[in-house]
Number of protein chains: 2
Amino acid sequence: MDFSIGDLARKTGVKVPTIRYYEKEGLIDTPVRTQGNQRRYFQKDLERLAFIRHARNMGLPMTAIRALLALSERPDQPCADADRIAKEQLREVRSRIRQLQKLEVELERISSSCEGGTRAADCQVLKAFADHTLCSGEH
Amino acid sequence: MDFSIGDLARKTGVKVPTIRYYEKEGLIDTPVRTQGNQRRYFQKDLERLAFIRHARNMGLPMTAIRALLALSERPDQPCADADRIAKEQLREVRSRIRQLQKLEVELERISSSCEGGTRAADCQVLKAFADHTLCSGEH
DNA sequence: GGTAGAGGCTCTAGTGACTAGAGGTTCAAG
DNA sequence: CTTGAACCTCTAGTCACTAGAGCCTCTACC
């Protein structure tokens with residue numbers, strides 16, 4: 001029926017101190033306590049925490065998660081915001097991918113430039129890191 | 001011949017407080033001072049800071065940068081380490097790209113699931129964020 | 001019912017890589 | 001010589017946790 005913070009941690013994959021942190025930050029409800037002052041959770045807490053965890057895994061910033069949580073608490077509100085947040089995150093992810101791909105090209109060039117020269121003084125890798133003008137594109 | 005911390009900031013694109021922070025962290029030399037206690041820099045400082053900045057732009061962690069800096073200070077050392085660091089970073093970047101691409105697929109699915117339903121209660125986007133089991137792959 | 005030890009509690013401080021602000025001093029141009 | 005932009009140090013704040021100290025409670029077994 002109810003379960004401890006450790007149970008909740010195991011079920012959601014969120015660490016115990018992180019759950020307490022989320023509580024302090026107001027992301028999850030303050031749970032009921034046992035007579036001995038220990039937290040006890042229920043199914044609804046598990047769902048909310050799983051939501052947060054999943055959204056975090058998807059790279060959403062806490063502010064976006066707060067917005068989504070607020071939205072899900074007012075079920076009669078229009079959900080256009082939720083859609084907007086998801087699309088925004090998608091744009092973010094795509095732009096990060098593009099940036100990393102530029103970086104990939106750059107690093108490929110750098111790490112293939114080691115010609116087996118043995119001394120750091122002649123190391124092309126070090127030179128490549130030092131000299132931005134050698135880069136093919138901007139970043 | 002010599003220049004101020006503001007000049008150095010402009011030339012490298014590293015902000016003034018960040019330069020002072022790097023000094024405190026031992027990433028750059030403690031510069032000479034004017035009679036009035038202001039920092040004065042030279043070409044070598046500019047080069048070192050540009051190196052750091054470029055490497056940071058490439059996503060290298062500070063520890064890797066420290067290793068590269070240490071290496072470049074001992075020019076007779078073999079440079080295999082530099083090559084290893086570059087290759088390691090390349091692997092990292094590639095793995096981050098793969099992860100983000102999975103996320104992209106996921107977010108595409110989520111953000112196309114809004115069927116114009118107007119109420120948050122029925123919002124597929126919120127459901128998708130809540131329910132990990134709807135995900136196609138792992139993450 | 002007693003006890004051991006796993007797990008719970010609060011609180012403070014630390015992480016990385018900076019950033020912001022307060023309150024004061026110095027430099028360089030006019 | 002004056003003005004004001006740029007410099008100085010120091011502390012504290014950011015984000016999203018994480019680590020540790022020191023203490024308390026719950027549960028399972030005897």
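Worth knowing before you read on, the calculation uses all heavy atoms, side chains too, and leaves out hydrogens, waters and symmetry mates. By convention in this document, chain letters (A, B, ...) are assigned in the order of the sequence lines, proteins followed by strands, and residues within each chain are numbered from 1.
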Under 4.0 Å between a side-chain N/O of A/S4 and OP1 or OP2 of C/dG7, yes or no? no
B/Y21 OH to C/dG21 P, in whole Å, measures 20 Å
Side-chain contact test, heavy atoms from C-beta onward, threshold under 4.5 Å: evaluate it for B/Y41 versus B/L46 and give yes or no. no
In whole angstrom, what separates B/D2's CG from C/dC27's P? 12 Å
Go through A/D45 and A/R48 one step at a time and tell me if the salt bridge (charged side-chain N to carboxylate O under 4.0 Å, His left out) criterion holds. CA-CA 5 Å; A/D45 301 305; A/R48 192 177 173 99; over 6 Å; no
Stepwise side chain to side chain contact (heavy atoms under 4.5 Å, CB included) check, B/V14 with B/Y22: CA-CA 10 Å; B/V14 178; B/Y22 284 165; 4.2 Å; yes
Is it true that a side-chain atom of B/R53 and a backbone atom of B/G13 form a donor plus acceptor pair closer than 3.5 Å? yes
Minimum-distance nucleotide (side-chain atoms of A/T34 versus D/dC26, C/dC9, D/dT9): D/dC26
What's the closest nucleotide to the A/R56 side chain, out of D/dA16, C/dC18, C/dC9? D/dA16
Given C/dT19, C/dG8, D/dT9, identify the nucleotide with an atom nearest to the side chain of B/P17. C/dT19
Which nucleotide in the set D/dT9, C/dC27, C/dT10 lies at the smallest distance from any side-chain heavy atom of A/R33? C/dT10
Whole angstrom value for the distance that separates C1' of D/dT11 from NZ of B/K24: 11 Å
Tell me which of B/T63 and B/G36 sits closer to the 5' end of DNA chain C, going by the nucleotide each one is nearest to. B/T63
Nearest-Å distance, CZ (B/R53) to C1' (C/dC18)? 14 Å
I need the CG-C1' distance between A/N37 and D/dT25, as an integer number of Å. 10 Å
Looking only at atom types and distance, does a side-chain atom of A/Q38 sit under 3.5 Å from a main-chain N or O of A/S4, one as donor and one as acceptor? no
Among D/dA16, C/dG8, C/dC18, which is the nearest nucleotide to the side chain of A/I5? C/dG8
Rounded to whole Å, please give me the gap between CD1 in A/I52 and P in D/dC15. 17 Å
Select one nucleotide: of C/dT19, C/dT26, D/dC17, the one nearest the side-chain heavy atoms of B/T18. C/dT19
Within this structure, what is the CG-to-C1' distance between B/L8 and D/dC7, rounded to whole angstrom? 14 Å
Can you find a side chain N or O atom of B/K15 that sits less than 4.0 Å from OP1 or OP2 on C/dT19? yes
Examine D/dC8: is either OP1 or OP2 under 4.0 Å from a nitrogen or oxygen in the side chain of B/R20? Give yes or no. yes
Could you give the CG-to-P distance, from A/L60 to D/dC15, as a whole number of Å? 16 Å
Picking from C/dC27, D/dC17, D/dC8, the nucleotide nearest the side-chain atoms of B/R40 would be C/dC27
Can you see if the side chain of B/Y22 gets near the phosphate of C/dC18 - specifically, an N or O under 4.0 Å from OP1 or OP2? yes
